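Notes follow once the structure below has been shown.
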Protein chains: 2
Amino acid sequence: MYSEGVSTSERLIESTRELLWERGYVGTSPKAILERAEAGQGSMYHHFKGKPDLALAAIRRTAEELRATAEGVLGGPGTPYERIEAYLRRERDVLRGCPIGRLTMDPDIIASDELRAPVDETLDRIRERIAGIVEEGKDQGQFAPSLDGEAIAATVLATVQGGYVLARASGSPAAFDAGVRGLLSLLAPDRPA
Amino acid sequence: MYSEGVSTSERLIESTRELLWERGYVGTSPKAILERAEAGQGSMYHHFKGKPDLALAAIRRTAEELRATAEGVLGGPGTPYERIEAYLRRERDVLRGCPIGRLTMDPDIIASDELRAPVDETLDRIRERIAGIVEEGKDQGQFAPSLDGEAIAATVLATVQGGYVLARASGSPAAFDAGVRGLLSLLAPDRPA
DNA sequence: GTCTATATAACGATAGAC
DNA sequence: GTCTATCGTTATATAGAC
């Protein structure tokens, strides 16, 4: 499963990342992590204080990765509308859901300020980034001056996060795509009144 | 906790509904259900085949309740826009999340067609209801003919479901409200181009 | 219908040998 | 740094008395 040269602590973090994405925090057991990482009980408690500590390391890395991915499209070329469209349409494994957003449904994550912090910060920063792009679009006359950047940014992010919910409920990415399509049709600069 | 006259099986279902909402399926144990229902081990396995069977009864009831609540506002008075606004702005315990939508992040729910079915059906029927209202609005000239009812309906539902995610991440309902506000501003019939 | 007793496995963590 | 052994608790379910 794992090639030589990857450290045990590295394998533990990567396995935890996968399991948190698939099963959430409550649904992920140390035993499952150890099996996937091909590591023994002792290794985990040597490198990490326990399940919450290991999960924190995993969540931080996933959060960092998600922020980078988002910035990759939002900071790309194109008009404000095009960059938001690129964000909404970027390749996604829709049925797997959002590795960060899904954690908000985990009671133990929400109960812990430390575990919730990277989730909150990640979504918040992407939201701020989108809000700025909307304001940019207003300055350029691409979006109506009446639009509130912060509010539109929340709508964009919510459409994505909620799209995952609809898709997983139906077992098909179609509802996610429909939601994105609907939002883009409302947002389109040349939308008929 | 429970007044006389409420049957044990009733208390079991209600307790399960609460716990599924708070902690999801994976995070809810029979023991926790029994304690909350003030029932013994034997009662639960007398009335239900096991945890999945009890959960199914609980989910079905919650699904039914949610559909009725949605129909209550979507079938209310007002123009199509006003009815959609009423749906988006209806009173919600935002930080608790959606009792049906949250189940889509539960691996054991998604893995079971039987448990997923009521979740899927509920969201699908609300979506269809909203899609019809959008089409109505198009017929009446309140919405642009270019809008796709199905897509807009998915956007509306996704904004709500995603709004819960953003709110729970930040520990405040503000992001939910912002997302709704943003969507309504895009949807408003008198929106400036 | 409800109770207690019991069972098997998993959970999350610690101890101490190597 | 990793391993095995062990711990006390919980998860989920069954058995059988009342």
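Fair warning: this is a prediction, and the values are worked out from it, not measured in the lab. Quick note on labels: first sequence line is chain A, next is B, and so on, each numbered from 1.
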Can you give me every donor-acceptor pair (side chain of residues 85-98 of chain B, partner residue at least two apart or in another chain, under 3.5 Å) with its distance?
from, atom 1, to, atom 2, distance (Å)
B:Glu85, OE2, B:Arg89, NE, 3.0
B:Arg92, NE, B:Tyr164, OH, 2.8
B:Arg92, NH1, B:Tyr87, O, 2.9
B:Arg92, NH1, B:Leu88, O, 3.4

Subject >> Phosphate OP1/OP2 of D:dG1: any A:His46 side-chain N/O under 4.0 Å >> reply: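 For D:dG1, OP1 or OP2 has a side-chain N or O of A:His46 closer than 4.0 Å.
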Original post:
When you check the phosphate oxygens OP1 and OP2 of C:dC11, does a side-chain N or O of A:Ser29 lie under 4.0 Å from one of them?
Top reply: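 A:Ser29 to C:dC11 OP1/OP2: side-chain N or O found under 4.0 Å.
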Starting at [atom1] of [X] and ending at [atom2] of [N], how long is that distance when rounded to a whole Å?
| X | N | atom1 | atom2 | result |
| --- | --- | --- | --- | --- |
| A:Phe48 | C:dG12 | CZ | C1' | 16 Å |
| A:Ile33 | C:dC11 | CD1 | P | 10 Å |
| A:Lys31 | D:dA11 | NZ | P | 16 Å |
| B:Asp53 | D:dT12 | CG | P | 15 Å |
| B:Leu12 | C:dT2 | CG | C1' | 11 Å |
| A:Arg11 | D:dG1 | CZ | P | 13 Å |

Subject >> From C:dG12, C:dG1, D:dC3, nucleotide with atom closest to A:Ser43 side chain >> reply: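 Looking only at side-chain atoms, A:Ser43 lies closest to D:dC3.
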Original post:
Between C:dT2, D:dT2, C:dC11, which one does the side chain of B:His47 approach most closely?
Top reply: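 Between C:dT2, D:dT2, C:dC11, the one nearest the side chain of B:His47 would be C:dT2.
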Original post:
For A:Pro80, what residues pass the side-chain contact (heavy atoms from CB on, under 4.5 Å) criterion, not counting sequence neighbours?
Top reply: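 A:Pro80: side-chain contact (heavy atoms from CB on, under 4.5 Å) contacts with A:Ile133, A:Glu136, A:Gln140, A:Gln142, A:Phe143.
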Original post:
Are any non-hydrogen side-chain atoms of A:Thr104 and A:Asp120 less than 4.5 angstrom apart?
Top reply: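 Of all side-chain heavy-atom pairs linking A:Asp120 with A:Thr104, none is under 4.5 Å.
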**OP:** Indicate yes or no: at least one non-hydrogen side-chain atom of B:Thr62 is less than 4.5 angstrom from one of B:Pro118.
**Re:**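 Answer no - side chains too far apart.
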Sort and list the pairs that fulfil salt bridge (Lys or Arg N to Asp or Glu O under 4.0 Å) and have at least one residue in [range], not counting sequence neighbours.
| range | answer |
| --- | --- |
| residues 140-155 of chain B | A:Arg181-B:Asp148 |
| residues 156-167 of chain A | none |
| residues 153-177 of chain B | none |
| residues 61-79 of chain B | B:Glu10-B:Arg61, B:Glu14-B:Arg61, B:Arg17-B:Glu65, B:Glu64-B:Arg67, B:Glu71-B:Arg129 |

Subject >> Terminal helix-axis angle for the helix from C:dG1-D:dC18 to C:dC18-D:dG1, with five pairs defining each axis and rounding to 10 degrees >> reply: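 So the angle between the two local helix axes works out to 0°.
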Original post:
For nucleotides 13-18 of chain C, read 5' to 3', which letter fits each nucleotide if B means a protein heavy atom sits under 4.0 Å from the base, S means only the sugar-phosphate is that close, and - means neither?
Top reply: BB----
List, one per line, each side-chain donor-acceptor pair under 3.5 Å for residues 43-53 of chain A, sequence neighbours excluded.
from, atom 1, to, atom 2, distance (Å)
A:Lys51, NZ, A:Tyr25, O, 3.0
A:Lys51, NZ, A:Thr28, O, 2.8
A:Asp53, OD2, A:Lys49, N, 2.9

Original post:
So what does A:Ser9 hit on the nucleic acid, given a heavy-atom distance under 4.0 Å: a base, only sugar-phosphate, or nothing?
Top reply: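 The residue A:Ser9 makes no contact with any strand.
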